[in-house]
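The block underneath contains the structure these notes are about, expressed in structure tokens.
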Amino acid sequence: PVYFAGLACIIGGEMLRKTSMYQASVSFTHEVQFIRRPEHVLVTTGVYALVRHPSYVGWFWWSIGTQVMLCNPICAVAFALASWNFFNKRIQVE
């Protein structure tokens with residue numbers, strides 16, 4: 001059962017992340033942008049209507065799911081804390 005819960009987090013997180021990349025199209029970048037590019041548009045539909053940062057949420061759940069699937073509770077907690085800290089700081093910069 002734990003294996004399948006982790007697998008569900010992995011698949012769900014990856015699907016959310018890939019969907020957000022696809023829906024944002026040219027507005028998606030892996031780097032925080034400080035200057036607005038002419039082709040950039042604010043995406044507020046699809047998964048972006050449900051979650052402000054769906055790519056971050058997807059990666060967060062994917063990373064935790066990998067450790068849950070491996071039945072590694074210490075790393076699952078460590079990954080959750082590290083991911084939360086990373087994205088919390090990154091969102092403040094945005």
Side-chain angles (χ1 to χ4, degrees):
V2 174
Y3 172 87
F4 292 110
L7 185 60
C9 288
I10 291 169
I11 292 170
E14 187 67 19
M15 288 175 59
L16 181 58
R17 184 162 168 77
K18 295 293 190 252
T19 300
S20 68
M21 291 176 179
Y22 178 76
Q23 288 181 350
S25 186
V26 297
S27 295
F28 184 91
T29 64
H30 291 281
E31 297 177 10
V32 175
Q33 302 293 304
F34 295 99
I35 299 173
R36 185 180 178 276
R37 293 173 293 130
E39 66 274 11
H40 182 271
V41 294
L42 180 62
V43 181
T44 58
T45 58
V47 294
Y48 287 89
L50 304 172
V51 181
R52 182 175 178 185
H53 296 285
S55 177
Y56 296 172
V57 173
W59 195 91
F60 179 80
W61 284 109
W62 175 88
S63 68
I64 295 169
T66 61
Q67 299 311 302
V68 171
M69 188 173 88
L70 295 170
C71 297
N72 192 344
I74 294 170
C75 282
V77 172
F79 276 42
L81 293 173
S83 296
W84 182 268
N85 187 47
F86 173 79
F87 289 122
N88 188 43
K89 288 180 180 177
R90 186 174 171 115
I91 289 170
Q92 290 175 11
V93 172
E94 293 177 351

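No hydrogens, no waters, no symmetry mates; every other heavy atom, side chains included, goes into these values. Fair warning: this is a prediction, and the values are worked out from it, not measured in the lab.
- When the shell of 6.0 Å around CD1 of I74 is examined, it contains 12 or fewer heavy atoms from other residues, nucleotides or ligands.
- Here CD1 of I10 is found 8.5 Å from CD of Q67. Values are rounded to the nearest 0.5 Å.
- L7 and L16 sit in two unconnected hydrophobic clusters of ILVMFWY residues. Membership requires side-chain heavy atoms under 4.5 Å apart, directly or through other members.
- In this structure, the separation between CD on Q23 and OG on S55 is 12.0 Å, given to the nearest 0.5 Å.
- There is a path of hydrophobic side-chain contacts, each under 4.5 Å, that joins F60 to M21.
- Cluster annotation: I11 and F4 are assigned to the same hydrophobic cluster (Ile/Leu/Val/Met/Phe/Trp/Tyr, side-chain heavy-atom contacts under 4.5 Å, transitive).
- Scanning both residues, V26 and R37, for their nearest heavy atoms gives O-NH2, 3.1 Å.
- Rounding to the nearest 0.5 angstrom, the gap separating the CE atom in M15 from the OH atom in Y22 is 14.0 Å.
- Note that NE2 of H40 and OG of S25 are 11.0 Å apart. Values are rounded to the nearest 0.5 Å.
- F86 CZ to I91 CD1: the interatomic distance, rounded to the nearest 0.5 Å, is 10.0 Å.
- Among residues at least two apart or in separate chains, side chain to side chain donor-acceptor pair (under 3.5 Å) pairs with a member in residues 56-65 are Y56-R90, Y56-E94, S63-S83.
- No side-chain heavy atom of F34 sits less than 4.5 Å from a side-chain heavy atom of R36.
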For residues 42-49, dump all side-chain donor-acceptor pairs below 3.5 Å to protein atoms at least two apart in sequence or in another chain.
unit_1 : atom_1 : unit_2 : atom_2 : d
Y48    : OH     : S20    : O      : 3.1

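- Residue W84 holds its CH2 atom at 10.0 Å from CD1 of I64, rounded to the nearest 0.5 Å.
- Side-chain contact between N85 and L81 is absent, with no heavy atoms from C-beta onward closer than 4.5 Å.
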